[in-house]
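What follows is a single structure, written as structure tokens, with notes after it.
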Amino acid sequence: MKTIVPSLKGTRDFYPEEMAARTWLYQKLRQVSKRFGYQEYEGPMLELVELYAAKSGEELVNEQSFVFPDRGGELIALRPELTLTLSRMVAQRQRQLVYPLRWWSFGPFWRYERPQKGRSREFFQWNVDLIGVDTPAADAELVAIIATFFKEVGLSPSLVGIGINDRQLITAELEALSIPDELRPAVFHLIDRREKLPPPDWAAYARDLGLSDTQFTRLQELLADGELWKKSDSLRSLFAALEAYGVSDYARYDPSIIRGLDYYTSTVFEAKELTGDIRRSILGGGRYDNLLEAVGGEPLPGTGFAMGDVVITLILKQYGCLPPDLGKTTAQVLVTTFDEASSAANIALAMELRQAGLDVLGYPRATPLSKQIKFADRVGVNYILILGPDEIKNGVVTLKDLRSGEQRSLPRSEAIAELRKLLARHKSS
RNA sequence: GUGCCAGUAGCUCAAUGGCAGAGCACCUGACUGUGGAUCAGGUGGUUGUGGGUUCGACCCCCAUCUGGCACCCCA
């Protein structure tokens with residue numbers, strides 16, 4: 001074997017089958033986003049590092065981004081997320097945009113992390129944001145979009161769920177426990193770790209942070225309290241709205257959801273697979289009411305979420321939700337090339353079909369029919385047309401259905417209409 | 001960035017430190033105007049890469065790359 005220059009760590013090659021899966025996913029996202037009236041947008045893949053500095057979270061920008069100096073010495077980042085780009089784009093036109101603003105996007109992102117199942121260095125992300133309103137109903141709309149998407153791709157509430165919490169609620173509870181403000185980020189992190197660490201380690205971590213025994217006990221009670229949300233006006237409204245949307249079966253209160261990014265101000269949520277072995281979250285999001293100010297705009301509330309393509313694709317594959325014929329050609333017909341003499345007639349026939357709107361493969365060489373039929377079979381075309389000397393003499397074409405194996409000859413002038421009929425029937429069945 | 005596990009044909013995997021193999025896939029033929037099934041035959045490898053130990057290395061040692069698991073972080 002010759003040496004092939006390897007692909008870069010953490011990148012993926014999209015062969016036609018994977019590309020078809022990605023496009024399929026994109027179409028689902030697009031459909032759901034549109035259904036809720038969101039508009040598609042896109043930002044640059046390159047941003048100045050300072051856009052992210054201290055707003056996304058130390059680690060994300062300092063350790064987990066691709067950063068390099070450009071020829072002028074400016075520090076450039078391959079975008080690790082979209083929310084700050086979105087905030088900048090909104091801030092730049094803040095006075096002329098119409099609110100509430102609803103935008104969505106699907107594009108590539110990069111994070112310099114150690115690749116693992118469900119995590120690559122280059123990935124695609126669905127971003128959906130609603131800006132200009134700070135109501136629980138706005139958060140509920142986003143959760144409803146997620147639930148609608150799950151339903152649309154065939155993931156039932158028994159397979160995936162959306163956990164919801166409010167950082168303000170937890171903050172208030174921590175204050176009630178006399179946990180000092182400066183300890184809050186650390187305690188948030190502690191809460192975030194609970195399901196990951198064995199209980200003794202978790203307890204040790206809490207002690208190391210300086211929590212007293214009573215504070216620790218109360219914190220555990222908080223996290224076990226499935227009714228805690230009832231103390232929060234906004235969470236009560238949010239869950240009531242989800243009821244109205246008819247998506248309550250996907251959503252549930254989860255006091256341990258905190259999220260890592262620093263810019264979330266109140267509502268936070270996260271979707272996960274409920275039963276399977278994929279532990280990484282499918283998507284995450286929340287409310288970020290200070291972000292516009294942070295990038296130099298006027299204060300403006302916002303809420304949104306992001307879903308990576310890697311985990312969701314694994315899950316869709318696992319549950320057989322992806323269409324089965326993704327690796328197949330999308331061509332509908334193969335026009336064979338019988339021999340050199342009839343080659344021109346075959347090319348002309350193929351072009352006629354294309355002009356009629358059919359997706360048509362030709363065969364760029366005269367070889368035995370057996371080869372061409374085998375090719376059609378393997379590539380996944382269902383119909384083939386044969387136009388050889390006999391057919392040309394009689395003004396007909398031979399149409400073969402590869403699934404049934406049946407074939408018949410029909411007047412050449414009727415070929416298009418007949419194919420359309422067969423394709424329409426096949427599509428509807 | 002840390003620790004652990006793995007890497008052999010296109011794929012899934014064998015091979016006590018002693019001749020690199022099987023199944024599937026692929027190609028050819030049985031079948032020169034007809035695919036799938038069956039049968040017969042065939043192609044395919046610098047054992048991830050580079051060093052070392054050894055008479056001899058897929059096997060042991062070191063480094064490195066890639067993937068996976070647990071961290072870290074997060075989509």
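Given the structure is predicted, the values throughout are model-derived calculations rather than measurements. Residue numbers start from 1 in every chain, and the chains themselves are labelled A, B, ... in the order their sequence lines are given, proteins ahead of strands.
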| said: For a quick check of understanding: with a heavy-atom distance under 4.0 Å over all strands, which category does Ser120(A) fall into, base, sugar-phosphate or nothing? | reply: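 Result for Ser120(A) = base.
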| said: So Leu402(A), base contact, sugar-phosphate only, or nothing? Heavy-atom distance under 4.0 Å. | reply: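 Base, at least one base heavy atom under 4.0 Å.
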Short N/O separations, protein against nucleotides 65-67 of chain B, under 3.5 angstrom:
from: U66(B); atom 1: OP2; to: Lys9(A); atom 2: NZ; distance (Å): 3.4
from: G67(B); atom 1: OP1; to: Gly10(A); atom 2: N; distance (Å): 3.0

| Taking OP1 and OP2 of C27(B), is either one under 4.0 Å from a side-chain nitrogen or oxygen of Arg378(A)? | yes
| query | Given G35(B), is OP1 or OP2 found less than 4.0 Å from the side-chain N or O atoms of Arg403(A)? | reply |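 No, no such contact exists.
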| Taking the six-membered ring of Tyr112(A) as reference, does the NZ or CZ atom of Arg121(A) fall below 6.0 Å from its centre and within a 45° cone about the axis? |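 Because its charged atom sits under 6.0 Å from the ring centre and within 45° of the axis, Arg121(A) does stack over Tyr112(A).
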| With a cut-off of under 6.0 Å to the ring centre and 45° to the axis, is Arg193(A) in cation-pi contact with Phe188(A)? | no
| Secondary-structure stems for RNA chain B, with pairs counted as Watson-Crick or G-U when both distances are under 3.5 Å and runs at least 3 long |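 Stems (3+ consecutive pairs) listed as B:1-7 with B:65-71, B:10-13 with B:21-24, B:26-30 with B:38-42, B:48-52 with B:60-64.
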Protein-nucleotides 32-34 of chain B N/O pairs closer than 3.5 Å?
from: G33(B); atom 1: O6; to: Asp390(A); atom 2: N; distance (Å): 3.1
from: G33(B); atom 1: O6; to: Asp390(A); atom 2: OD1; distance (Å): 3.1
from: G33(B); atom 1: O6; to: Asp390(A); atom 2: OD2; distance (Å): 2.5
from: G33(B); atom 1: N1; to: Glu391(A); atom 2: OE1; distance (Å): 2.9
from: G33(B); atom 1: N1; to: Glu391(A); atom 2: OE2; distance (Å): 3.1
from: G33(B); atom 1: N2; to: Glu391(A); atom 2: OE2; distance (Å): 2.4
from: U34(B); atom 1: O2; to: Lys400(A); atom 2: NZ; distance (Å): 3.1
from: U34(B); atom 1: O2; to: Gln407(A); atom 2: OE1; distance (Å): 3.1
from: U34(B); atom 1: N3; to: Gln407(A); atom 2: OE1; distance (Å): 2.6
from: U34(B); atom 1: N3; to: Gln407(A); atom 2: NE2; distance (Å): 3.3
from: U34(B); atom 1: O4; to: Gln407(A); atom 2: NE2; distance (Å): 2.8

| task | Quick one: closest heavy-atom pair of Phe338(A) and Leu387(A), and the distance? | result | CB-O, 4.0 Å
| From C73(B), C72(B), G36(B), pick the nucleotide closest to the side chain of His189(A)? | C73(B)
| task | Give a yes-or-no answer on whether the side chains of Thr11(A) and Glu122(A) include a donor-acceptor pair shorter than 3.5 Å. | result | no
